[in-house]
Participant: 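One structure, as structure tokens, below. Some questions next.
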Amino acid sequence: MENTPAMRLATWNINSVRLRLQYVLRVLKEYDLDVLCLQETKTQDSSFPAQEIADAGWAHQAIRGEKSYNGVAILSRIPIDGTEFQDWVGKGDCRHISASINGYQIHNIYLPAGGDIPDRNENVKFGHKLDFVSEVTDYFAKIKPVKSVLVGDLNIAPLAEDVWSTKQLKNVVSHTEIERKNLINMQTAGGWIDSVRRFFGPDEILYSWWSYRARDYLASNRGRRLDHIWISSDLEPQIEKVKIHAETRGWEKPSDHVPISLQLS
DNA sequence: ATGGCAAATTGAATTTGA
């Protein structure tokens with residue numbers, strides 16, 4: 001049986017890796033991360049700032065980007081043993097990449113946002129989102145992951161305590177009943193544990209995203225927890241620490257999402 | 001569902017995010 005070493009990993013929807021490269025480097029260093037999973041890198045692999053990140057010490061990288069939209073990356077200071085990706089829903093967009101690091105299988109997912117109208121007959125993006133969740137659910141139900149971590153911007157706040165007002169958001173895409181139900185089903189069908197909830201408990205109000213549209217995001221504080229770190233249940237005893245790095249939302253020209261980190265013992 | 005913004009691309013306006 002292979003050993004599973006201590007590791008600190010984080011997930012962050014960066015909303016353009018080129019625009020916020022300095023913040024990527026700062027977060028890697030300040031939070032002393034072994035692995036950082038990014039979403040919405042918004043650039044082709046040829047324009048990804050791989051060299052700058054490698055020079056800072058995170059030389060092992062799995063990158064999958066496209067022009068303008070989407071894009072995922074795994075940055076590691078520990079060697080990557082192998083990478084792969086799935087093309088769920090078959091659109092050829094860059095929403096998943098997986099890497100084997102330290103004996104852990106790490107899945108980085110950028111789930112579709114789903115547009116504005118929560119009805120698949122009126123809004124194909126919402127249908128795409130539901131289909132994507134369904135395919136991811138089936139994928140992990142089949143492979144029954146162990147020694148695995150699933151992170152990313154899942155674009156769904158599953159619990160009432162994951163939004164500023166469950167009543168006011170019940171018809172807003174990201175917190176509708178069907179999305180919440182299907183995401184919980186995705187979690188249970190894959191045998192995943194929500195490490196963030198496990199660490200903070202069920203009652204704490206937790207956000208990882210605040211809209212750019214608020215005049216003052218802290219004053220209005222209308223957040224949602226859209227970003228997640230799930231682990232296979234065999235890793236549950238290794239949850240050492242979880243942090244939601246909310247201070248980054250107050251930085252100059254921030255991403256609208258903040259990093260979440262997990263320390264495995 | 002009706003936001004008060006932001007980013008990338010193409011070249012002032014559009015698409016997407018959530």
Side-chain angles (χ1 to χ4, degrees), chain A residues 11-24 38-49 63-73 89 91-96 108-133 152-180 182-183 205-228 244 246 248-260:
Chain A
T11 180
W12 195 12
N13 180 320
I14 190 65
N15 187 16
S16 174
V17 68
R18 288 181 293 173
L19 198 68
R20 277 179 265 279
L21 171 60
Q22 294 311 314
Y23 285 165
V24 170
L38 298 174
Q39 304 87 36
E40 284 208 89
T41 53
K42 292 188 173 179
T43 189
Q44 298 167 104
D45 295 351
S46 56
S47 306
F48 192 93
I63 300 163
R64 189 162 168 255
E66 61 187 287
K67 193 193 271 191
S68 284
Y69 306 118
N70 312 316
V72 286
V89 196
K91 291 172 73 83
D93 50 2
C94 297
R95 296 182 176 276
H96 172 250
N108 180 13
I109 296 176
Y110 175 50
L111 216 139
D116 282 331
I117 302 168
D119 179 339
R120 68 183 309 150
N121 296 315
E122 294 178 45
N123 169 18
V124 294
K125 291 183 196 169
F126 194 69
H128 176 222
K129 183 176 195 175
L130 296 179
D131 292 344
F132 199 98
V133 171
D153 177 2
L154 303 185
N155 267 319
I156 298 172
L159 307 176
E161 295 77 15
D162 295 331
V163 294
W164 63 276
S165 168
T166 192
K167 189 178 275 186
Q168 284 175 262
L169 291 176
K170 70 182 172 63
N171 295 320
V172 175
V173 173
S174 73
H175 195 63
T176 63
E177 192 177 349
I178 180 110
E179 290 171 275
R180 296 171 63 186
N182 290 4
L183 191 73
I205 308 297
L206 299 172
Y207 308 140
S208 66
W209 172 89
W210 289 261
S211 172
Y212 281 127
R213 297 188 184 193
R215 290 184 198 90
D216 180 338
Y217 84 98
L218 263 186
S220 64
N221 200 25
R222 296 182 172 188
R224 307 177 201 171
R225 186 171 71 110
L226 305 177
D227 304 273
H228 299 275
I244 300 176
T248 66
R249 187 62 181 78
W251 291 354
E252 192 80 16
K253 299 274 283 178
S255 170
D256 46 355
H257 295 254
V258 303
I260 302 176

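Letters A, B, ... mirror the listed sequences (proteins, then strands); counts begin at 1.
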Participant: Rounding to an integer number of angstrom, what distance separates B:dT2 and B:dA13 when you compare their C1' atoms?
Facilitator: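 The answer is 22 Å between these two C1' atoms.
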
Participant: Can you name the residues that form a side-chain hydrogen bond (donor to acceptor under 3.5 Å, both in side chains) with A:Asp131, not counting sequence neighbours?
Facilitator: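 Testing A:Asp131 for side-chain hydrogen bond (donor to acceptor under 3.5 Å, both in side chains), a comparison that skips the adjacent residues, returns A:Arg120.
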
Participant: Could I get the full list of side-chain hydrogen bond (donor to acceptor under 3.5 Å, both in side chains) partners for A:Asn70, not counting sequence neighbours?
Facilitator: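 Scan of A:Asn70 (side-chain hydrogen bond (donor to acceptor under 3.5 Å, both in side chains), adjacent residues dropped) gives A:Glu66, A:Arg95.
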
Participant: Using the P atom on both, measure B:dA6 against B:dT10 and round to a whole Å.
Facilitator: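 Going atom to atom, P in each nucleotide, I get 23 Å.
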
Participant: Fit a plane to each ring of A:Tyr23 and A:Trp251, take the angle between them on a 0 to 90° scale, and name the class: parallel (under 30°), tilted (30 to 60°) or perpendicular (over 60°).
Facilitator: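 Tilted, since the angle between the ring planes falls between 30° and 60°.
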
Participant: Work out how far the P atom of B:dA12 is from that of B:dG17, and round it to whole angstrom.
Facilitator: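 Their P atoms lie roughly 25 Å apart.
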
Participant: By nearest nucleotide on DNA chain B, pick out whichever of A:Asp216 and A:Pro254 is the more 5' one.
Facilitator: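 Between the two, 5'-proximity favours A:Asp216.
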
Participant: Along nucleotides 8-18 of chain B, 5' to 3', which nucleotides get a B, which get an S, and which get a -, given that the test is a protein heavy-atom distance under 4.0 Å?
Facilitator: SSS-----SBB

Participant: Starting at CD of A:Glu66 and ending at C1' of B:dA7, how long is that distance when rounded to a whole Å?
Facilitator: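 Spelled out: CD on A:Glu66 to C1' on B:dA7 is 14 Å.
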
Participant: Using the test side-chain hydrogen bond (donor to acceptor under 3.5 Å, both in side chains), find all partners of A:Thr11 that sit at least two apart in sequence or belong to another chain.
Facilitator: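 For A:Thr11 the side-chain hydrogen bond (donor to acceptor under 3.5 Å, both in side chains) partners, ignoring immediate neighbours, are A:Gln39.
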
Participant: Just jot down the ring pair (Phe, Tyr, Trp, His ring centres under 6.0 Å) partners of A:Tyr69, sequence neighbours excluded, or say none.
Facilitator: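 So A:Tyr69 forms no ring pair (Phe, Tyr, Trp, His ring centres under 6.0 Å) with any residue.
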
Participant: Among all residues two or more places apart in sequence or in another chain, which pass the side-chain hydrogen bond (donor to acceptor under 3.5 Å, both in side chains) test with A:Arg224?
Facilitator: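 Per chain and number, A:Arg224 pairs via side-chain hydrogen bond (donor to acceptor under 3.5 Å, both in side chains) with A:Ser174.
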
